[in-house]
Amino acid sequence: MSKRLVGVRADHPYSYRKLETTATHVRQQLNIPPHEAVDPLRLFEGLDDIRIGRRSGLPIPLRHGVISLEESEGYTKYDRKRGVIEVLASEQTYEWLEQSYPRATYFVAHELGHCVLHTEQLIRLAHTPATRLEGLHRGKATHKPYQDTEWQANAFAGALLMPATGLLALERAIGSLTATDVSEFFGVSNEAAGYRIALYSNRRAELVHS
């Protein structure tokens, strides 16, 4: 049974292969080898050094911040006044980042996915009335999973944190992969590791040769 889509229709559909390629490029830009785990706090605080290319040819800078939130781990938004995309983490999420807590690690990777994949949509949403924004999240999606912004960000996060080439190297080193092996090696949750292993097993040739 597929999970209910919770995002909005993305400007562009993305296949697993394309998302793997995009995540690989991001790792290269951040100088993180595919066989190494992502340092979540370093990634979060290093967002200020990243600039996202736009279709207009003018790059847009990223920023990170910590805010007081009680019912959310954080979110990403475009700041119209400063002309930047901000990834804002709650105080609790930031504490988790300091502890390399897997949930916080996935949060940063997921939000970076929105920055990379949905740049123009984030900018447009900053000009959208609040009443219309509410209608975008009522769970009445008619689009396919690969067209969904949240599905895309989740798939990107998995590829960024657990690259297919990194999984292949680990598999060759230890034999068959288990969720425990992958979660410990890449610093992710068992659930995320299990899902990624299943995807890797089913689409290995497609992902590794992306």
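Along the sequence shown, residues carry numbers from 1. Worth saying up front: this structure is predicted, and the values here are computed from it rather than measured.
Within the 3.5 Å criterion, the main-chain N or O of Val188 finds no donor-acceptor partner in the side chain of Thr105. Looking at Asp79, its side chain never comes within 3.5 Å of a backbone N or O of Val84 through a donor-acceptor pair. Formation of a donor-acceptor pair under 3.5 Å by the Thr93 side chain with backbone atoms of Glu73 is found in this model. Checking side-chain atoms of Asp148 against main-chain N and O of His143 turns up no donor-acceptor pair under 3.5 Å. Gln147 contributes a side-chain N or O that, together with a main-chain N or O of Lys144, makes up a donor-acceptor pair within less than 3.5 Å. The backbone N or O of Tyr146 lies less than 3.5 Å from a partner atom in the side chain of Gln152, making a donor-acceptor pair.
Minimum interatomic distance between Asp181 and Ser176 (heavy atoms only, all atoms of both residues): OD2-O, 4.1 Å. The two residues Ala193 and Ser183 have their closest heavy-atom pair at CB-N, 3.8 Å. Summarising the geometry of Ala157 relative to Tyr106, their closest heavy-atom pair is CB-CZ, 3.7 Å, with the distance given to 0.1 Å. Nearest heavy atoms, Ser90 versus Leu69: CB-CB, 3.8 Å. Shortest non-hydrogen contact noted between Asp11 and Gln121 is N-OE1, 3.0 Å. Summarising the geometry of Tyr200 relative to Leu207, their closest heavy-atom pair is CA-CD1, 4.2 Å, with the distance given to 0.1 Å.
One hydrophobic cluster, built from ILVMFWY side chains closer than 4.5 Å, cannot hold both Ile67 and Phe44; they sit in different ones. Criterion: ILVMFWY side-chain heavy atoms under 4.5 Å apart, direct or through other members. Under it, Val116 and Leu43 are part of a common hydrophobic cluster. Under the 4.5 Å side-chain heavy-atom criterion for grouping Ile, Leu, Val, Met, Phe, Trp and Tyr, Leu97 is not connected to Tyr75 through any hydrophobic cluster. In terms of hydrophobic clustering, with Ile, Leu, Val, Met, Phe, Trp and Tyr side chains grouped at heavy-atom distances under 4.5 Å, Val208 and Phe185 are assigned to a common cluster.
Annotation: the span from Leu62 atom CG to Asp49 atom CG amounts to 10.0 Å, rounded to 0.5 Å. Once rounded to the nearest 0.5 Å, the distance linking OG1 of Thr24 with CD1 of Ile32 reads 12.0 Å. Distance check: Tyr195 OH to Ser189 OG gives 13.0 Å after rounding to the nearest 0.5 Å. The structure places OG1 of Thr165 at 9.5 Å from NE2 of His35, a figure rounded to the nearest 0.5 Å. Note that OG1 of Thr22 is 4.5 Å distant from NZ of Lys18, once rounded to the nearest 0.5 Å. For the atom pair CG of Leu122 and OH of Tyr78, the computed distance is 10.5 Å after rounding to the nearest 0.5 Å.
Enclosure of atom CZ in Arg42 is not indicated, since only 12 or fewer non-hydrogen atoms of other residues, nucleotides or ligands lie within 6.0 angstrom. Counted within 6.0 Å of CZ on Arg9, heavy atoms from surrounding residues, nucleotides or ligands total more than 12; the atom is thus considered enclosed.
Here the side chains of Leu199 and Met162 are not in contact, with every heavy-atom distance at 4.5 Å or above. Taking 4.5 Å as the limit, some side-chain heavy atom of Leu170 sits within range of a side-chain heavy atom of Leu177. Inter-residue side-chain proximity for Leu161 and Phe186 is flagged as unmet; no heavy-atom pair is nearer than 4.5 Å. For the pair Val108 and Val87, the minimum side-chain heavy-atom distance is 4.5 Å or more. Looking only at side-chain heavy atoms (C-beta outward), Arg27 and Pro163 come within less than 4.5 Å of each other.
Aromatic ring pairs are classed by plane angle as parallel below 30°, tilted from 30° to 60° and perpendicular above 60°; the pair His118 and His114 is tilted. The aromatic rings of Trp96 and Tyr101 sit tilted relative to each other, their planes meeting at an angle between 30° and 60°.
At a cut-off of 3.5 Å, with distance as the only test, a side-chain donor of Tyr94 or Glu45 sits close to an acceptor on the other residue. A donor-acceptor contact under 3.5 angstrom links the side chains of Thr76 and Glu111, judged on distance only. His110 and Glu150 share a side-chain donor-acceptor pair at under 3.5 Å.
A salt bridge links Arg196 with Glu20: the distance from a Lys NZ or Arg NE/NH1/NH2 to an Asp or Glu carboxylate oxygen falls below 4.0 Å. A salt bridge links Lys77 to Glu86: at least one charged side-chain nitrogen sits closer than 4.0 Å to a carboxylate oxygen.
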